[in-house]
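Here the structure comes first, spelled out in structure tokens, and everything after it is commentary.
Note that ligands are numbered from 1 as they come in the structure, with each ligand's atoms numbered from 1 the same way.
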Amino acid sequence: MKNIAFYGAGNISISIIKGLMQSGFNCKNIFYVDRNIKNQANLKKLKTRNLKSNLNKEIDLFILAVKPKDAIEAYKEILKNYKKPKIVSLVAGIKSKKYIKINNSVEFLRAMPNTSSASCNGITAIYNSSFKKNNLKKVISLFSKIGLVLNFDNELKIDSFTGMIGSGPAYFFYLLKSYEKKLNHICNGDKKLIKKIIVNLLQGVAISVETNIGLNDLIKQVASKKGTTEAGLNTFKKNKLNKLFEEGIESAIKRSKEISSEH
Ligand SMILES: NC(=O)c1ccc[n+]([C@@H]2O[C@H](COP(=O)([O-])OP(=O)(O)OC[C@H]3O[C@@H](n4cnc5c(N)ncnc54)[C@H](OP(=O)(O)O)[C@@H]3O)[C@@H](O)[C@H]2O)c1
């Protein structure tokens with residue numbers, strides 16, 4: 001895939017573009033179409049190219065990344081200007097058959113990445129509808145540059161994945177807000193130091209998770225009888241924090257399914 005074009009280039013596209021560039025993908029081969037002036041300025045800074053000023057360029061792959069409400073219109077715009085395009089839709093909720101019904105000469109698949117793609121630590125779920133085998137391989141290889149790729153054989157799994165992994169980074173950012181708040185007091189509002197502490201904490205956690213030690217044993221390594229960690233954990237348990245967290249994830253999965261049936 002030499003030239004790729006992001007149709008809608010906001011949060012998730014910019015994360016993927018950053019990851020691809022970090023992995024060595026040439027910014028000259030990355031194009032975008034975006035009507036939002038703020039996003040256009042960010043894309044210019046990244047040295048990607050506006051497709052509307054390069055209409056004669058052959059595009060090997062389109063990445064459809066607009067909000068669900070704009071998806072069908074944007075899809076039709078691609079079809080109007082390009083013959084037999086290959087399109088990867090990142091749009092949550094809208095099923096493949098809806099796009100293919102409009103035009104069945106496209107090669108089409110759905111992918112659900114997350115914003116950790118920006119640091120090549122992404123996780124992308126893929127469900128293929130009509131990509132030819134060798135082109136599917138190329139798409140998988142492209143997304144593998146920015147993290148882990150899961151190739152699902154059932155489109156419904158994309159909804160669960162969206163609620164859990166697509167939304168996942170935001171859940172952890174949300175929890176970290178409590179850390180930031182408490183650290184702000186201890187560190188006299190030194191934002192740089194607070195950031196460093198949180199990064200070190202998370203990197204340490206990630207490295208521990210990578211070992212063969214299970215999560216319960218990792219907890220035991222930190223929590224001693226009647227110690228501080230145990231006191232913290234007991235409050236979490238008393239207030240059923242894990243149940244709340246699971247309910248949050250379930251709500252996201254439910255919402256993803258609702259969006260699916262709304263379109
Ligand atoms: N954000 C995530 O973490 C994430 C993760 C996985 C999947 N997704 C999916 O990816 C899609 C995009 O999400 P996002 O958060 O990146 O949205 P976003 O930041 O709003 O980016 C979408 C961009 O597309 C522009 N746009 C919409 N229709 C257009 C058109 N016809 N022509 C040109 N530009 C157009 C929008 O302009 P305006 O601002 O003017 O509307 C906006 O700049 C969503 O469907 C979402 O479900 C997002």
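- At the shortest separation from atom 21 (O) of ligand 1 among protein heavy atoms lies G10 CA, 3.3 Å.
- Taking 4.5 Å as the limit, some side-chain heavy atom of L218 sits within range of a side-chain heavy atom of L215.
- Proximity of a side-chain donor or acceptor of T48 to a complementary backbone N or O of L43 within less than 3.5 Å is detected.
- Here the heavy atom of the protein found nearest to atom 37 (O) of ligand 1 is R35 NE, 3.4 Å.
- Near P68, with a cut-off below 4.0 Å to any heavy atom, the atoms of ligand 1 are 45 (O).
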Could you please spell out the steps behind the side chain to side chain donor-acceptor pair (under 3.5 Å) verdict for K220 and N216? CA-CA 6 Å; K220 275 188 206 148; N216 279 332; over 6 Å; no

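- When the options V91, T162, V66 are ranked by their closest heavy atom to atom 28 (N) of ligand 1, first place goes to V66.
- Under the 3.5 Å distance criterion, with hydrogens and angles disregarded, a donor-acceptor pair is assigned to the side chains of D159 and S256.
- A distance-only check finds no donor-acceptor pair linking the side chain of N54 to the backbone of K57 [under 3.5 Å].
- Set against the non-hydrogen atoms of T115, the atoms of ligand 1 under 4.0 Å away are 3 (O).
- From the protein, the heavy atom lying nearest to atom 39 (O) of ligand 1 is N36 ND2, 2.9 Å.
- Short contacts between ligand 1 and P113, defined as distances under 4.0 Å to a heavy atom of the residue, involve ligand atoms 5 (C), 6 (C).
- Between I87 and Y99 there is no side-chain heavy-atom pair separated by less than 4.5 Å.
- Remark: minimum distance from atom 22 (C) of ligand 1 to any protein heavy atom is reached at A65 O, 3.5 Å.
- Close approach of ligand 1 to E77 is summarised as follows: ligand atoms under 4.0 Å from at least one heavy atom of the residue are 31 (N), 32 (N).
- Ion pair E250/K254 not flagged as a salt bridge, since none of the NZ, NE, NH1 or NH2 atoms sits closer than 4.0 Å to an Asp/Glu carboxylate oxygen.
- Between K177 and E180, no side-chain nitrogen of the basic residue sits less than 4.0 Å from a carboxylate oxygen of the acidic one, so the salt-bridge criterion is not met.
- Counting only heavy atoms of the protein, atom 42 (C) of ligand 1 lies nearest to D34 OD2, 3.6 Å.
- The line from CE of M1 to CG of D60 is 6.5 Å long, rounded to the nearest 0.5 Å.
- Close approach of ligand 1 to A92 is summarised as follows: ligand atoms under 4.0 Å from at least one heavy atom of the residue are 45 (O), 47 (O).
- When only interatomic distances are considered, the shortest N/O to N/O separation between K67 and ligand 1 falls below 3.5 Å.
- Any N or O atom pair closer than 3.5 Å counts here, and Y7 shares no such pair with ligand 1.
- Counting heavy atoms only, I12 comes closest to atom 10 (O) of ligand 1 of the residues I78, I12, N39, I259.
- Ionic pairing of R110 and E155 is present here: one or more N-O contacts between side-chain nitrogen and carboxylate oxygen are shorter than 4.0 angstrom.
- For atom 9 (C) of ligand 1, the nearest protein heavy atom (residue, atom name, distance) is L90 O, 3.1 Å.
- Heavy-atom contacts of M112 reach the following atoms of ligand 1: 6 (C), 7 (C) (cutoff under 4.0 Å).
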